[in-house]
Amino acid sequence: MLGRSPDEAQEWLHSWTAQVSTRAQAAAELSDRVAGLTATATGANGAVRVTVAASGALTDLSFDDRVQRMRGVDLADLVMTTIARAQAGLTAQVTAAVRDTVGTDSEAGQAMVDSFARRFPEPPEEPTNRHRRETDNGW
């Protein structure tokens with residue numbers, strides 16, 4: 001600011017204040033949008049349907065009659081994998097919200113996308129059968 005006239009300094013200050021205000025509004029909009037996100041995924045061609053909130057918490061779970069023919073351990077794996085797929089879907093939605101508000105090149109935007117990507121990585125396409133070991137050992 002040294003070397004600027006008082007009018008130039010005042011103009012610069014107004015411009016800087018407007019930029020800060022615009023960024024704050026964009027950040028508030030991003031926060032509101034992310035807080036309201038939900039994601040839904042289905043498994044086994046729709047036999048299982050789950051919905052998760054922005055936190056990743058399960059908010060809805062439904063089954064159709066096809067699940068009655070599944071073993072319990074297979075159903076458990078399917079549910080867990082489907083929940084993970086829904087959670088991973090949040091990352092894409094957050095990325096879009098960041099792009100539309102603060103920008104993907106901003107530090108805040110990158111941090112938010114990275115946070116969701118770390119917490120909710122893409123799961124395998126098929127259930128992991130991680131419960132099978134316990135069942136096979138007589139648990």
Side-chain angles (χ1 to χ4, degrees):
M1 291 199 16
L2 292 176
R4 293 185 182 185
S5 72
D7 288 340
E8 289 174 326
Q10 187 173 19
E11 184 178 317
W12 177 86
L13 185 58
H14 285 298
S15 174
W16 180 81
T17 303
Q19 288 176 1
V20 169
S21 178
T22 299
R23 287 183 189 148
Q25 288 173 343
E29 181 183 343
L30 175 60
S31 178
D32 290 345
R33 286 178 68 174
V34 169
L37 290 179
T38 64
T40 300
T42 60
N45 296 319
V48 172
R49 179 183 167 95
V50 303
T51 301
V52 296
S55 65
L58 184 66
T59 60
D60 190 41
L61 171 64
S62 62
F63 303 111
D64 74 12
D65 291 339
R66 290 177 284 172
V67 300
Q68 294 177 17
R69 295 186 295 269
M70 296 179 77
R71 292 177 352 135
V73 296
D74 295 332
L75 178 58
D77 284 334
L78 178 60
V79 168
M80 296 304 291
T81 299
T82 306
I83 290 170
R85 285 187 26 242
Q87 291 170 333
L90 292 169
T91 302
Q93 291 183 51
V94 167
T95 300
V98 164
R99 183 182 56 248
D100 295 345
T101 55
V102 299
T104 55
D105 58 340
S106 71
E107 280 187 49
Q110 289 174 355
M112 183 166 284
V113 170
D114 289 348
S115 171
F116 272 78
R118 275 192 312 277
R119 288 181 9 218
F120 307 124
E122 282 294 324
E125 276 298 309
E126 296 299 316
T128 60
N129 295 322
R130 68 176 170 250
H131 299 293
R132 182 153 299 161
R133 237 185 354 233
E134 295 171 5
T135 302
D136 292 344
N137 290 333
W139 290 80

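With sequence neighbours excluded, no residue forms a side-chain hydrogen bond (donor to acceptor under 3.5 Å, both in side chains) with Thr42.
Atom CZ of Arg119 and atom OG of Ser55 lie 7.5 Å apart (nearest 0.5 Å). Between the CG atom of Asp74 and the CZ atom of Arg71 there is a distance of 5.0 Å, given to the nearest 0.5 Å. Atom CG in Leu61 sits 6.5 Å away from atom CD1 in Ile83 (nearest 0.5 Å). How far CG of Asp77 is from CG of Leu75: 9.0 Å, rounded to the nearest 0.5 Å. Going from atom OG of Ser31 over to atom CE of Met112 covers 6.5 Å, rounded to the nearest 0.5 Å.
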Just list the side-chain donor-acceptor pairs under 3.5 Å for residues 94-102, sequence neighbours left out, or say none.
{"unit_1": "Thr95", "atom_1": "OG1", "unit_2": "Thr91", "atom_2": "O", "d": "2.9"}
{"unit_1": "Asp100", "atom_1": "OD2", "unit_2": "Arg33", "atom_2": "NH2", "d": "3.3"}
{"unit_1": "Thr101", "atom_1": "OG1", "unit_2": "Ala97", "atom_2": "O", "d": "2.7"}

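Enclosure of atom CD in Gln110 by more than 12 non-hydrogen atoms of other residues, nucleotides or ligands within 6.0 angstrom is indicated.
Counting only heavy atoms from C-beta outward, the side chains of Phe120 and Val52 never approach each other to under 4.5 Å. The shortest side-chain heavy-atom distance between Val48 and Val67 falls under the 4.5 Å cut-off. Annotation: side chain of Arg49 is in contact with side chain of Thr40 (closest heavy-atom distance under 4.5 Å).
Using a distance-only test at 3.5 Å, with no hydrogens or angles considered, no donor-acceptor pair links the side chain of Thr81 to the main chain of Leu78. With Glu122 contributing its side chain and Arg85 its backbone, the two residues share no donor-acceptor pair below 3.5 Å.
Taking all atoms of both residues into account, the shortest heavy-atom contact from Ala39 to Gly89 is CB-C, 4.3 Å. Of all heavy-atom pairs between Pro121 and Ala88, the closest is O-CB, 3.7 Å. Summarising the geometry of Val34 relative to Ala54, their closest heavy-atom pair is O-CB, 3.0 Å, with the distance given to 0.1 Å. Gln87 and Gly56 get closest at one heavy-atom pair: NE2-O, 2.7 Å. Across Ala44 and Arg66, no two heavy atoms sit closer than the pair O-NH1, 3.4 Å.
Looking only at atom types and distance, the side chain of Thr59 has no donor-acceptor partner in the side chain of Thr51 under 3.5 Å away.
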